[in-house]
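Written below as structure tokens is the structure these notes are about.
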Amino acid sequence: MTDLLANVPLTSSWLLAGVWAVAAVLLVLVARPPRPARGSAETAGTAGTAASAGTAGEGDRRTTRRRWWRRLTVAALVGAVAGALTTWVAGVVLDVAGVPPTPVDAAWITASSAAVAVAVVALWRTSALRRVTAVLGVVVFLLAGALAVNRDAGAYPTLAAALGVDTAPALGAVPGAGASASSSTTFDPTLWSTWKAPADMPTKGRWGTVHIPGAQSGFPAREAIVYLPPAALVADAPALPVVVMMSGQPANPEAVVTAGHLVSTLDAFAAANHGLAPIAVVPDQLSADDHNPMCVDGALGDSATYVTTDVVQYVSSHYHVASGPRAWTVGGFSQGGTCSIQFGAARPDLFGSIVDVSGELGPSVGSPEETIDAGFAGDRAAYDAAQPQAIMTAHGRYDDTAAFFAVGADDPTFAAFEQANSAAAAAAGMTVTRYTSPGSGHDWTTATNGFAVGIGDLYPRMGLAATAQVPQLG
């Protein structure tokens, strides 16, 4: 039962429709005008008195209803204005989430606030039953709005994800995954043409958590996620390319699978290519949901050394992976996307391809002043040198680096970042591809689509197919 509740799909259309239907019924019950209290008109003894009292009673009822509807109308307007104002102040002025709210988010928060205000008004001078209905309404109206915003963002696909409960299994030992002493790790750019899938190859890959220690960096990373495609799970597995993919912040590595659907994307590509897909590792470049070391080495933790040294060495020593920059891709969403262009620009000897989905212009934990103080010990020069465009300028011409940039169509802030960094990458000699996710903003829908289109675009470069793979986007 606990597992069943933990896996409740919070973005399910059926769940949302059910909650919204209940919310609509409660709103009707809460908004229905109350009956006037019994008065002398209903208890009069004579026919004449009763007739005149009936006329007066009907007038009282009409007056009561008018007053009731005025109260609810004023409450709904006040609630809607309060919701819209709160959304604007928190999302735009204070930038609490780091990205502005989408029109969908603003609409649902405004509507939920209006409904809650109506329910609050219904708590006063009404029957006990209506007060209970109003209290239940407040809860359901808030839940309906939260589910709608979550569906728009795609942040928490399950109840477990919303509660911060890790549900990923441990990967454990996988037969055929490790490289033997005699196994070649030479990158094969035409692996797709020579690979023959054995009859006993699994139909899907295997994924789970592994612990990648910060042996060189000392970085206190949480458990990483590793995905091994079907071709990696056979006795004579080929040396496969690697994708290092990072989450945004706040998030944990599991979010790349649950909200970013990386495993289902790679399984689909593998099914269409005789089991061939890259080995994917999702390291923890944050160490905690609310922590942002900015993928640099500094006071907030040596995150850069962790990813580029500890993670790379662990993957190379534990799995049969191909060597050389053409075989290694670094990518991520939001903060992870920023990390990907930082690492890809700084280490073309290690990463030959980049998938930057909705990355920032550069490392940031707030204003430039806050970022310099927190992450660079007050050193403005170090901060300036860590910006992706500065890294590209300092490096000079790139001979063989492919950079894929993605952003949501409804995300103008990060679209400007994408345009600036992708233009700089192209000017520096990188082969640049740009993609816009239709109808999405700075959310996990964009991440899902960006990961899928970006990795699919790189399939020929990774030696896994003759042509780019076109994913089925949901």
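Sequential numbering from 1 along the given sequence is applied to the chain's residues.
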Per-pair distances, 0.1 Å, donor-acceptor, side chain in residues 422-431, under 3.5 Å, sequence neighbours excluded:
{"from": "Ser422", "atom 1": "OG", "to": "Glu418", "atom 2": "O", "distance (Å)": "2.7"}
{"from": "Ser422", "atom 1": "OG", "to": "Gln419", "atom 2": "O", "distance (Å)": "3.2"}
{"from": "Ser422", "atom 1": "OG", "to": "Arg434", "atom 2": "NE", "distance (Å)": "2.8"}
{"from": "Ser422", "atom 1": "OG", "to": "Arg434", "atom 2": "NH2", "distance (Å)": "3.3"}

Below 4.5 Å, heavy atoms only, C-beta onward: do [X] and [Y] meet side chain to side chain?
{"X": "Val242", "Y": "Pro278", "value": "no"}
{"X": "Val256", "Y": "Ile225", "value": "no"}
{"X": "Thr203", "Y": "Pro230", "value": "no"}
{"X": "Val282", "Y": "Leu262", "value": "yes"}
{"X": "Pro241", "Y": "Val321", "value": "no"}
{"X": "Pro363", "Y": "Gln387", "value": "yes"}
{"X": "Thr433", "Y": "Val453", "value": "no"}
{"X": "Thr446", "Y": "Val357", "value": "yes"}

Nearest-0.5 Å distance, [atom1] of residue [X] to [atom2] of residue [Y]:
{"X": "Asp236", "Y": "His320", "atom1": "CG", "atom2": "NE2", "value": "9.5 Å"}
{"X": "Leu350", "Y": "Trp328", "atom1": "CG", "atom2": "CH2", "value": "7.0 Å"}
{"X": "Met245", "Y": "Cys339", "atom1": "CE", "atom2": "SG", "value": "12.5 Å"}
{"X": "Leu15", "Y": "Leu147", "atom1": "CG", "atom2": "CG", "value": "5.5 Å"}
{"X": "Phe414", "Y": "Leu361", "atom1": "CZ", "atom2": "CG", "value": "10.0 Å"}
{"X": "Ser112", "Y": "Leu143", "atom1": "OG", "atom2": "CG", "value": "9.5 Å"}

One pair to check against side chain to side chain contact (heavy atoms under 4.5 Å, CB included): Leu142 and Val116. What are the steps and the verdict?
CA-CA 7 Å; Leu142 291 174; Val116 168; 3.8 Å; yes
Sequence neighbours left out, what passes side chain to side chain contact (heavy atoms under 4.5 Å, CB included) with [X]? Give chain and number order.
{"X": "Ser364", "value": "Glu360, Thr371"}
{"X": "His291", "value": "Ser287, Ala288, Pro293, Leu300"}
{"X": "Val149", "value": "Asp105, Trp108, Ile109"}
{"X": "Thr110", "value": "Ala80, Ala84"}

Are the side chain of [X] and the backbone of [Y] linked by a donor-acceptor contact shorter than 3.5 Å?
{"X": "Arg206", "Y": "Leu171", "result": "yes"}
{"X": "His261", "Y": "Thr448", "result": "no"}
{"X": "Trp195", "Y": "His274", "result": "yes"}
{"X": "Glu370", "Y": "Ser367", "result": "yes"}
{"X": "Gln342", "Y": "Met294", "result": "yes"}
{"X": "Asp297", "Y": "Thr305", "result": "yes"}
{"X": "Thr445", "Y": "Gly441", "result": "no"}

After noting the C-alpha distance and the side-chain angles of Thr413 and His442, does the key distance pass the side chain to side chain donor-acceptor pair (under 3.5 Å) rule?
CA-CA 9 Å; Thr413 300; His442 194 79; over 6 Å; no
Taking all atoms of both residues into account, what is the closest heavy-atom pair of [X] and [Y], and its distance?
{"X": "Pro213", "Y": "His211", "value": "CD-O, 3.4 Å"}
{"X": "Gly362", "Y": "Pro388", "value": "CA-CD, 3.6 Å"}
{"X": "Ala345", "Y": "Ile354", "value": "N-CD1, 4.2 Å"}
{"X": "Phe333", "Y": "Ser358", "value": "CE1-CB, 3.8 Å"}
{"X": "Ala409", "Y": "Gly439", "value": "CB-N, 3.9 Å"}
{"X": "Ser193", "Y": "Thr190", "value": "OG-O, 2.8 Å"}

Among residues at least two apart in sequence or on other chains, which ones pass ring pair (Phe, Tyr, Trp, His ring centres under 6.0 Å) with [X]?
{"X": "Phe451", "answer": "none"}
{"X": "Tyr314", "answer": "His318"}
{"X": "Tyr306", "answer": "Phe219"}
{"X": "Tyr435", "answer": "none"}

Just list the side-chain donor-acceptor pairs under 3.5 Å for residues 455-468, sequence neighbours left out, or say none.
{"from": "Tyr459", "atom 1": "OH", "to": "Leu276", "atom 2": "O", "distance (Å)": "2.8"}
{"from": "Arg461", "atom 1": "NE", "to": "Ser353", "atom 2": "OG", "distance (Å)": "2.8"}
{"from": "Arg461", "atom 1": "NH1", "to": "Asp400", "atom 2": "OD1", "distance (Å)": "3.2"}
{"from": "Arg461", "atom 1": "NH2", "to": "Gly352", "atom 2": "O", "distance (Å)": "2.9"}
{"from": "Arg461", "atom 1": "NH2", "to": "Asp400", "atom 2": "O", "distance (Å)": "2.8"}
{"from": "Arg461", "atom 1": "NH2", "to": "Asp400", "atom 2": "OD1", "distance (Å)": "3.3"}

With a 3.5 Å cut-off and no angle check, do the side chains of Asn449 and Ser437 form a donor-acceptor pair?
yes
Side chains of Asn292 and Gln335: donor-acceptor distance under 3.5 Å anywhere?
yes
Apply side chain to side chain contact (heavy atoms under 4.5 Å, CB included) to the pair Asp267 and Tyr227, showing each step before the final yes or no.
CA-CA 10 Å; Asp267 269 345; Tyr227 165 83; 2.8 Å; yes
Scan residues 188-202 for pairs that pass salt bridge (charged side-chain N to carboxylate O under 4.0 Å, His left out), counting only residues two or more places apart or in two chains.
none
Test log, rule side chain to side chain donor-acceptor pair (under 3.5 Å), inputs Asp289 and Gln249
CA-CA 6 Å; Asp289 279 7; Gln249 190 271 332; over 6 Å; no
ring-ring contact (aromatic ring centres under 6.0 Å, His included) contacts in which one or both residues fall within residues 361-408, not counting sequence neighbours:
Phe376-Tyr383, His395-Tyr398
Residue from Thr209, Asn252, Asp284 passing side chain to side chain donor-acceptor pair (under 3.5 Å) with Arg222
Asp284
